[in-house]
Amino acid sequence: MTEQVTIIGAGIVGICCALSLQERGIPVRIIDRSDPGQETSFGNAGVVSPWSIIPQAVPGIWKKLPQMLLDPKSALSVRTSFWPKMIPWGLRFLGKSGEKTVREVSDAMEILCRPSIDLYRRHLQGTGHEALIVDSYYIHAFRNPEQANLDDLGYLIRQEKGGELERVDGAELRRLEPALSKDLKAAIVIKGQARATSPGRLGAVLAEKARAQGAEFVRSEVTKLSHTEDGIWQLATSHDTLHARNVVLAAGVWSAGLLKPLGIPVPLVAERGYHVEFPAPSAVLNNSVMDVDAKVVASSMQGGLRVAGTAEFGSVDAPADPRKEKILTDQAKSLVSDLDTGAAKFWMGRRPSFPDSLPAIGPLNGKDGLFTAFGHSHYGLMMAPKTGELVADLVSGRSPNINLDPFSLARF
């Protein structure tokens with residue numbers, strides 16, 4: 001197949017789909033209203049973790065939700081107007097929290113996350129920006145040392161699958177990360193990880209590689225998808241109407257709005273995340289560090305020290321909540337005591353989240369030529385390269401040697 005494929009969405013998933021299609025000799029066109037990799041993909045914590053294979057819904061989470069929702073400083077919040085949509089989504093989420101389901105979802109997440117470091121390094125090879133991905137540990141730090149337990153289900157699953165994990169006390173934690181607060185008494189160190197030193201730059205560099213290899217980039221917003229009788233997809237945009245025989249829908253949370261008129265409702269919500277980046281932090285972290293109590297992740301990047309987190313459920317178009325900046329800044333100071341918080345940069349993005357933490361990847365029944373690649377929740381940076389490989393195989397007529405049922409929209 002050599003006919004051009006159109007990708008809707010120039011986030012990190014769409015870019016990786018483009019690169020993998022090009023590797024198979026297939027030309028691509030990418031449509032987005034923004035610069036490549038500069039919306040949701042821009043603002044994450046930079047963790048590239050082959051072992052981020054534990055879904056958000058885990059056993060016992062239902063006990064923690066009321067307290068989290070009542071605490072104004074909690075990582076979890078729901079906009080009042082969003083509750084009518086949140087309740088059915090939340091019930092599905094809780095229905096996925098049993099251990100059997102968690103293990104099944106973890107198996108599927110592993111398929112996407114495990115090869116992430118190697119695939120990014122392959123994509124970056126020859127760009128001159130290979131240092132955008134650096135080796136790292138992922139440190140889960142605890143204030144209560146008893147909570148740093150390698151026998152907890154999430155850590156057990158990682159170890160069963162071959163992950164190298166180590167529990168360390170406060171002294172060893174500060175040897176690894178001298179800048180961390182002494183309030184952090186123990187940690188679980190997940191080894192064999194990497195981190196992006198600038199997620200936004202990573203997206204821009206990989207997009208430029210795709211462009212240099214012949215990718216066509218169209219700066220526009222797709223407002224409607226329709227299928228003609230002769231098997232061609234019409235893409236109405238803010239400027240004109242484009243046509244394609246094969247379309248990859250990688251528009252993140254906006255994908256749901258394009259599928260609904262086609263009679264395909266999907267339980268996708270905007271799980272809004274925030275970060276604060278401190279450009280002159282006077283403190284450096286050697287690895288990615290999660291404050292498990294606050295549910296935020298800190299990482300030193302090219303632009304400074306970034307602290308990212310929160311899960312705010314609300315309308316896609318709702319404005320950012322300015323209160324989140326102070327909450328995240330206070331959490332950053334609690335994590336890194338000597339942090340200089342001056343000249344902070346505040347950001348909000350929209351994670352596309354399904355209740356089971358898995359994306360939608362693959363063809364759509366009855367919609368020939370339309371392929372999904374969206375809904376990667378908290379894990380988009382890790383899952384993007386393998387998603388690109390799977391989509392490129394499917395579009396080019398190859399059969400991936402894995403079971404894609406866990407990623408099918410038919411699961412809903």
Student: Got a salt bridge between D135 and R121, using NZ or NE/NH1/NH2 to carboxylate O under 4.0 Å?
Tutor: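 R121 and D135: salt-bridged.
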Student: What do the steps show when you test L381 against V47 for side-chain contact (heavy atoms from CB on, under 4.5 Å), and what is the final call?
Tutor: CA-CA 7 Å; L381 191 64; V47 179; 5.9 Å; no
Student: Looking only at non-hydrogen atoms, find the nearest pair between M301 and A45 and report the distance.
Tutor: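 Heavy atoms only, the tightest pair is CE-O, 3.2 Å.
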Student: Once the angle between the rings of F93 and W89 is folded into 0 to 90°, is it parallel (under 30°), tilted (30 to 60°) or perpendicular (over 60°)?
Tutor: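 Rings of F93 and W89: parallel, as their planes differ by under 30°.
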Student: Would you say that more than 12 heavy atoms from the other residues, nucleotides or ligands in this model lie under 6.0 Å from the NZ of K191, or not?
Tutor: yes
Student: So, taking the atom named CG in D152 and the one named CD1 in I157, what distance separates them when rounded to the nearest 0.5 Å?
Tutor: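 So the CG of D152 and the CD1 of I157 are separated by 11.0 Å.
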Student: Return yes when atom NZ of K96 has more than 12 non-hydrogen atoms of other residues, nucleotides or ligands closer than 6.0 Å, and no otherwise.
Tutor: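 Counting neighbours around NZ of K96, 12 or fewer heavy atoms of other residues, nucleotides or ligands fall under 6.0 Å, so no.
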Student: What's the spacing between L202 CG and T197 OG1 if we round to 0.5 Å?
Tutor: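 Between L202 CG and T197 OG1, I get 8.5 Å after rounding to 0.5 Å.
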Student: Taking NZ, NE, NH1 and NH2 as the nitrogens, is one of them in D107 or R103 under 4.0 Å from a carboxylate oxygen of the other?
Tutor: no
Student: Is there a side-chain contact between S396 and I26 (heavy atoms, below 4.5 Å)?
Tutor: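 Yes, close enough: below the 4.5 Å cut-off.
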Student: Is it true that the NZ or CZ of R411 lies under 6.0 Å from the centre of F354's six-membered ring and within 45 degrees of the ring axis?
Tutor: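 The answer is yes; both the distance and angle limits are met.
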Student: Under a 4.0 Å N-O cut-off, is there an ion pair linking D291 with R143?
Tutor: yes
Student: Where do Y274 and I327 land on the side-chain contact (heavy atoms from CB on, under 4.5 Å) test, with the steps shown first?
Tutor: CA-CA 10 Å; Y274 293 80; I327 292 170; over 6 Å; no
Student: Main chain of L19, side chain of Q213: is a donor-acceptor contact present, judged purely on distance under 3.5 Å?
Tutor: no
Student: If we ignore hydrogens and angles and just use 3.5 Å, is the side chain of S34 paired with the main-chain N or O of Q38 as donor and acceptor?
Tutor: no
Student: Please check this pair: side chain of R24 against backbone of S20, looking for a donor-acceptor N/O pair closer than 3.5 Å.
Tutor: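 Yes; at least one donor-acceptor contact below 3.5 Å.
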Student: Determine yes or no for a side-chain-to-main-chain donor-acceptor pair under 3.5 angstrom, with R167 supplying the side chain and A148 the backbone.
Tutor: yes
Student: Mind checking whether L65 and L94 have side chains closer than 4.5 Å, heavy atoms only?
Tutor: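 Counting from C-beta outward, L65 and L94 do come under 4.5 Å.
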Student: For K73, look at atom NZ and say whether over 12 heavy atoms of other residues, nucleotides or ligands are found less than 6.0 Å away.
Tutor: no
Student: Can you find a pair of side-chain heavy atoms, one from F412 and one from P267, that are under 4.5 Å apart?
Tutor: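 Answer yes - side chains close enough.
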Student: Show the numbers, then the answer: is there a side-chain hydrogen bond (donor to acceptor under 3.5 Å, both in side chains) between R158 and S49?
Tutor: CA-CA 11 Å; R158 291 177 174 98; S49 169; over 6 Å; no
Student: Do the side chain of S255 and the main chain of G252 share a donor and acceptor less than 3.5 angstrom apart?
Tutor: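 Between the backbone of G252 and the side chain of S255 there is a qualifying donor-acceptor contact (under 3.5 Å).
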Student: Hey, what do you get for CG (L258) to NZ (K260), rounding to the nearest 0.5 Å?
Tutor: 12.5 Å
Student: If you compare all heavy atoms of M348 against all heavy atoms of A318, which two are closest, and at what distance to 0.1 Å?
Tutor: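 Looking at all heavy atoms of both residues, the closest pair is CE-O, 3.9 Å.
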Student: Got more than 12 heavy atoms from elsewhere within 6.0 Å of CG, N401?
Tutor: no
Student: Distance from H123 atom NE2 to E130 atom CD, nearest 0.5 Å?
Tutor: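 Nearest 0.5 Å value for the NE2-CD distance: 13.5 Å.
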Student: How about N365: does its CG atom have over 12 heavy atoms from other parts shown lying under 6.0 Å from it?
Tutor: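 No, because the 6.0 Å sphere around CG of N365 holds 12 heavy atoms or fewer from other groups.
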Student: Please confirm whether the backbone N or O of G362 pairs with a side-chain atom of T372, one donor and one acceptor, at under 3.5 Å?
Tutor: yes
Student: Run the side-chain contact (heavy atoms from CB on, under 4.5 Å) check on L150 and I188 step by step: do they pass?
Tutor: CA-CA 7 Å; L150 283 169; I188 302 295; 3.8 Å; yes
Student: Does E208 come within less than 4.0 Å of R211, counting only side-chain N to carboxylate O?
Tutor: yes
Student: Any chance the side chains of S77 and R323 put a donor and an acceptor closer than 3.5 Å?
Tutor: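 No donor-acceptor contact under 3.5 Å links the two side chains.
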Student: Given R219 and D35, is the side-chain contact (heavy atoms from CB on, under 4.5 Å) satisfied, shown in steps?
Tutor: CA-CA 8 Å; R219 184 73 173 264; D35 291 334; 2.7 Å; yes
Student: Quiz question: by atom type and distance under 3.5 Å, do the side chains of S136 and Q193 form a donor-acceptor pair?
Tutor: no
Student: For a quick test of reading the model, state the closest non-hydrogen atom pair linking A283 to L305 and the distance between them.
Tutor: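 Closest approach of A283 to L305, heavy atoms only: O-CD1, 3.8 Å.
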Student: Looking only at side chains, do E216 and Q4 share a donor and an acceptor under 3.5 Å apart?
Tutor: yes
Student: What closest approach, in Å, do A332 and V307 show between heavy atoms, and which atom pair accounts for it?
Tutor: CB-CG2, 3.6 Å
Student: Would a distance-only check, ignoring hydrogens and angles, find a side-chain to backbone donor-acceptor pair under 3.5 Å from R350 to V316?
Tutor: yes
Student: Is there a side-chain contact between L364 and L262 (heavy atoms, below 4.5 Å)?
Tutor: no
Student: Are any side-chain N or O atoms of D393 and backbone N or O atoms of L390, one a donor and one an acceptor, separated by less than 3.5 Å?
Tutor: no
Student: R122 and D118: salt bridge (charged side-chain N to carboxylate O under 4.0 Å, His left out), yes or no, with the steps?
Tutor: CA-CA 6 Å; R122 189 181 85 196; D118 290 341; over 6 Å; no
Student: Which label fits H275 and W347: parallel for a plane angle under 30°, tilted from 30 to 60°, or perpendicular past 60°?
Tutor: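 The rings of H275 and W347 lie parallel, inter-plane angle below 30°.
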Student: Is there a donor-acceptor pair closer than 3.5 Å between any side-chain N or O of S288 and the backbone N or O of S299?
Tutor: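 Absent.
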Student: Atom CG in L335, atom CG in L328: separation rounded to 0.5 Å?
Tutor: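 The CG atom of L328 is 11.5 Å from CG of L335, to the nearest 0.5 Å.
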Student: When you compare the side chain of T387 with that of F407, does any pair of heavy atoms fall below 4.5 Å?
Tutor: no
Student: Is K345 paired with E325 through a side-chain N to carboxylate O contact shorter than 4.0 Å?
Tutor: no
Student: Could you tell me whether the side chain of Q56 reaches within less than 4.5 Å of the side chain of S353, counting heavy atoms only?
Tutor: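 Answer no - side chains too far apart.
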Student: Contact between R195 and V134 at the side-chain level, heavy atoms closer than 4.5 Å - yes or no?
Tutor: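 Result yes, sub-4.5 Å side-chain heavy-atom pair found.
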Student: When you look at Y138 and H140, which way does the ring-ring contact (aromatic ring centres under 6.0 Å, His included) test go after all the steps?
Tutor: CA-CA 7 Å; Y138 193 8; H140 292 189; 4.7 Å; yes
Student: Is it the case that more than 12 heavy atoms not belonging to E164 sit under 6.0 Å from its CD atom?
Tutor: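 Open: at most 12 neighbouring heavy atoms sit under 6.0 Å from CD of E164.
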Student: Under 4.5 Å between any side-chain heavy atoms of E271 and H378, yes or no?
Tutor: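 Side-chain contact under 4.5 Å: yes.
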Student: Which atoms form the tightest heavy-atom contact between Q302 and S198, and what is the distance?
Tutor: OE1-CB, 3.7 Å
Student: Between SG of C113 and CD1 of I53, what distance do you get to the nearest 0.5 Å?
Tutor: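 Between C113 SG and I53 CD1, I get 7.5 Å after rounding to 0.5 Å.
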Student: Checking E177 against N287: is there a side-chain donor and acceptor pair closer than 3.5 Å?
Tutor: yes
Student: Quick one: closest heavy-atom pair of D321 and R79, and the distance?
Tutor: N-NH2, 3.5 Å
Student: Using modelled atom types only, decide if a donor and an acceptor are shared between the side chain of T237 and the backbone of H239 within a distance under 3.5 Å.
Tutor: yes
Student: For Y155, look at atom OH and say whether over 12 heavy atoms of other residues, nucleotides or ligands are found less than 6.0 Å away.
Tutor: yes
Student: Would you say Q67 has more than 12 foreign heavy atoms packed within less than 6.0 Å of its CD?
Tutor: no
